[in-house]
Amino acid sequence: MQQLSWLPTHPDLSGAIGQAKRIEDPLQRLHEAVKLAAHQRDFTLTARLDKLAATGIAQHAAAARLTPLRVALLSSHTVDHLLPAIRVAGLQRRLALSLHVAPYGMYRQALLADDPALNAFAPQLVLLALDAHDAPLQLPLQASQAEVDAAVAERVDELRMLWRRARERYAAQVVQQTLVPVAPPLFGSYEALVPASPRAVIERLNGAIRAAAREEGVLLLDLAWHAAAYGDGLAEPVRWHQAKQLVSPTLAPLYGEHFARIAAATAGLSRKCLVLDLDNTLWGGVIGDDGIDGIQLGQGSPSGEAFLAFQRYAAQLARRGVILAVCSKNDLHIAEAAFAHPEMALKRSDIAAFVANWEDKAGNLRRIASMLDIGLDSLVFVDDNPAERDIVRRELPEVAVPELPEDVADYPARIAAAGYFEAVSFTSDDAERGRSYALNAERKAALGQATDMDGYLRGLQMVLRVSRIGTAELARATQLINKTNQFNLTTRRYTEAEVERMASDPQTIALALRLEDKFGDNGLISVVLARPDAAIEADELLIDSWLMSCRVLGREVEMAVLEVLADAAAAAGWGALVGEYRPTERNGMVAEHYPRLGFEQRPAPANAPTDASFWRYELASRTPINHHIQVQA
Amino acid sequence: MNEKDILQALTQVFHDVFDDDDIVLTPETTADDIDGWDSQAHVLLIVAAEQRFSIKFRTAELESLKNVGHFAQLIQTKLGGR
């Protein structure tokens, strides 16, 4: 069965793993495993890669720049055979997953009976992997819809209780697996018209689980959907009878993918930007040769419609917050002029970074990343040309480059299957994001025109809107906390439940900041969490987290934020702010953040990491801060 | 495939599943002879062999596998003349 179809094939993966096993240094072995894992692989090769990486992950996760994440799998079926595939898929997303498996069938006990093993493990993510064999609803076949719904509601209430427990006890993000319909239909297509038929009941239950999950902030591993896509191959009866495996070992790599995507998304490691080639990717033909009237696009020809359908898919991704960019070998003015084609579903204004020239694509992708202030590991590059794909993979292994089917008609399904843009929330800011990145390009252009910085900043007419983090800001604030890497002083990651807990503490100052300017609303762009800490003086308030979207860099926002924070802290009676800087591979840009803002270095408290530095800002003797932003509380 | 070819191909399956190229199989080899050949690994062996030989074992056949020779014989029967 074809799985992981978006990954390129390796000429001899088994041989390469055999070679890599002989590498002495575990860190080098880990690097090799990460590289090899980016190829199509069946479950045995995947398990061998897992072994190859194991020692390296255990000893050198930080050196390999992997984000550690503790995941508890609480299941009603055997999952041990899925663990290697979950870890390897995590590795591909720069996650070092440690997995804790409760004895199968004991998911309730693990959560309700204060399982010491689970307590000691302290999961950050809890997967409730349940199946339709577990606790079937006892209903006669002739039961009414009302009776079915009552039984469904009872079952979902139990799940809610378990979710809350995981949340309250561990502040863990819960992921609920939907139920794969394993029972064969009794009535054929009439099945759904019989409320208590096995399939109708499972569908009802899944519907209720999804609705409850939305209310409770629980994420879904929607295995019922994936099973429908993979037919009978996902759940094989013989494996259930033999070993109580719901998911067949053959599809373990696929299951690992689907789960690791969610885990990566909670850690802010989903991709952010779709970079598109133009000729023979967004339209048929070569714009430079065929001209605007000669390219295939739009109604009237099957291939023109297929290209249009792919454009529409890209446009829809943009509407949900994926940034779009163009990277094409073309003359810039010819490439841009193509967007005047009447059938074009993508507009020039949908493209936040547009690079068309005759230079190599790897260099241009670097340029796109820097134009958008995002990492290379946030990019997905789509190009119909296998040679370009190959070069980019070799030059920039951080960029995801999907293998593409022969036919552009199959591009949207392939991009969707690769799951690069897995989400853990969807807010109105996401819908605005593409527009906001495009506006930023305009702002950069305005900066080019402005003769002095002062004039430019004044001309932006910026307004900073300040709110304490509440229900309305919770999702977006958590999202920003977990995905901001560069302008992030401490890179502490928190689940929604943890942020909520902090924000509701009256001693804590938890701020969400939005920025508007004359070009539009930038959305929620900065978060500050400040709290007392036993390791510092009683009159000092520790800035636990301070982070900001790079979209608003260089606009004095951090100065306005300090003003807001200092005023709030002084009003609450604090004597000083304490800033902490924890260096990472990515946050070098804020190394001088606190001294620049007038903080004085102070000794590090006991037990602080050796590379962290600490800074103090006296509130009583503070002077007014000059900036060009109007602050509105 | 004759018995020797099957044993050779099966050896490769064992090497892959146990990630150990030093495993040597004889028809008399049983689960007791190989480190890590537990019920969990047994399922993986079966599925890997199914993939390797493009065959399917019936649920009932899975219970009666006594040793590698038996495993190979069953595969040979399934393959017919292939």
Side-chain angles (χ1 to χ4, degrees), chain A residues 1-3 12-22 29 33 36 40-55 77-85 88 101 103-104 232-255, chain B residues 1 5-25 29-32 34-68 70-75 77-79:
Chain A
M1 175 157 323
Q2 170 85 337
Q3 56 182 328
D12 177 20
L13 190 53
S14 179
I17 295 172
Q19 290 273 323
K21 273 171 72 176
R22 291 190 210 114
R29 269 206 317 274
L36 294 174
Q40 277 196 36
R41 44 191 162 73
D42 66 9
F43 74 96
T44 40
L45 290 167
T46 301
R48 291 176 66 196
L49 285 166
D50 179 50
K51 274 192 199 162
L52 190 62
T55 316
H77 45 261
T78 310
V79 293
D80 302 81
H81 62 300
L82 304 173
L83 307 184
V88 170
V101 180
Y104 109 80
D232 295 337
L234 190 116
E236 292 183 291
V238 54
R239 301 282 91 88
W240 180 261
H241 300 314
Q242 188 187 18
K244 295 294 168 281
Q245 293 175 343
L246 173 71
V247 178
S248 163
T250 42
L251 283 181
L254 189 77
Y255 183 92
Chain B
M1 279 179 117
D5 294 337
I6 290 174
L7 196 63
Q8 204 177 353
L10 204 51
T11 302
Q12 188 58 51
V13 168
F14 274 68
H15 287 181
D16 288 347
V17 168
F18 292 107
D19 194 33
D20 179 358
D21 291 348
D22 297 332
I23 292 175
V24 180
L25 293 187
T29 307
T30 68
D32 295 337
I34 293 178
D35 250 9
W37 189 350
D38 54 15
S39 60
Q40 207 36 255
H42 189 66
V43 180
L44 300 183
L45 278 174
I46 301 240
V47 179
E50 285 184 340
Q51 272 190 355
R52 167 63 187 79
F53 297 101
S54 305
I55 52 174
K56 276 276 174 200
F57 296 104
R58 282 186 285 120
T59 310
E61 289 165 344
L62 302 177
E63 292 166 34
S64 58
L65 291 174
K66 288 179 181 59
N67 58 28
V68 167
H70 190 187
F71 200 1
Q73 257 170 28
L74 185 61
I75 292 168
T77 319
K78 297 247 153 207
L79 286 172

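Residue numbers start from 1 in every chain, and the chains themselves are labelled A, B, ... in the order their sequence lines are given, proteins ahead of strands. Below, all heavy atoms of this structure are taken into account, side chains as well, without hydrogens, waters or symmetry copies.
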**Student:** Where on A:Thr250 is there a heavy atom nearer than 4.5 Å to chain B: the side chain, the backbone, both, or neither?
**Tutor:** both
**Student:** So what's closer than 4.5 Å to chain A heavy atoms on B:Ser39: side chain, backbone, both or neither?
**Tutor:** neither
**Student:** Roughly how far apart are B:Gln12 CD and B:Ile23 CD1, rounded to 0.5 Å?
**Tutor:** 10.5 Å
**Student:** Look up atom NZ in B:Lys56 and atom CD1 in B:Ile46, then write down how far apart they are to the nearest 0.5 Å.
**Tutor:** 11.0 Å
**Student:** Which value, rounded to the nearest 0.5 Å, describes the distance between A:Thr44 atom OG1 and B:His15 atom NE2?
**Tutor:** 13.5 Å
**Student:** Contact part of B:Leu62 toward chain A, heavy-atom cut-off under 4.5 Å: side chain, backbone, both or neither?
**Tutor:** side chain
**Student:** Look at the aromatic rings of B:His42 and B:Trp37 and report parallel, tilted or perpendicular, splitting at 30° and 60°.
**Tutor:** parallel
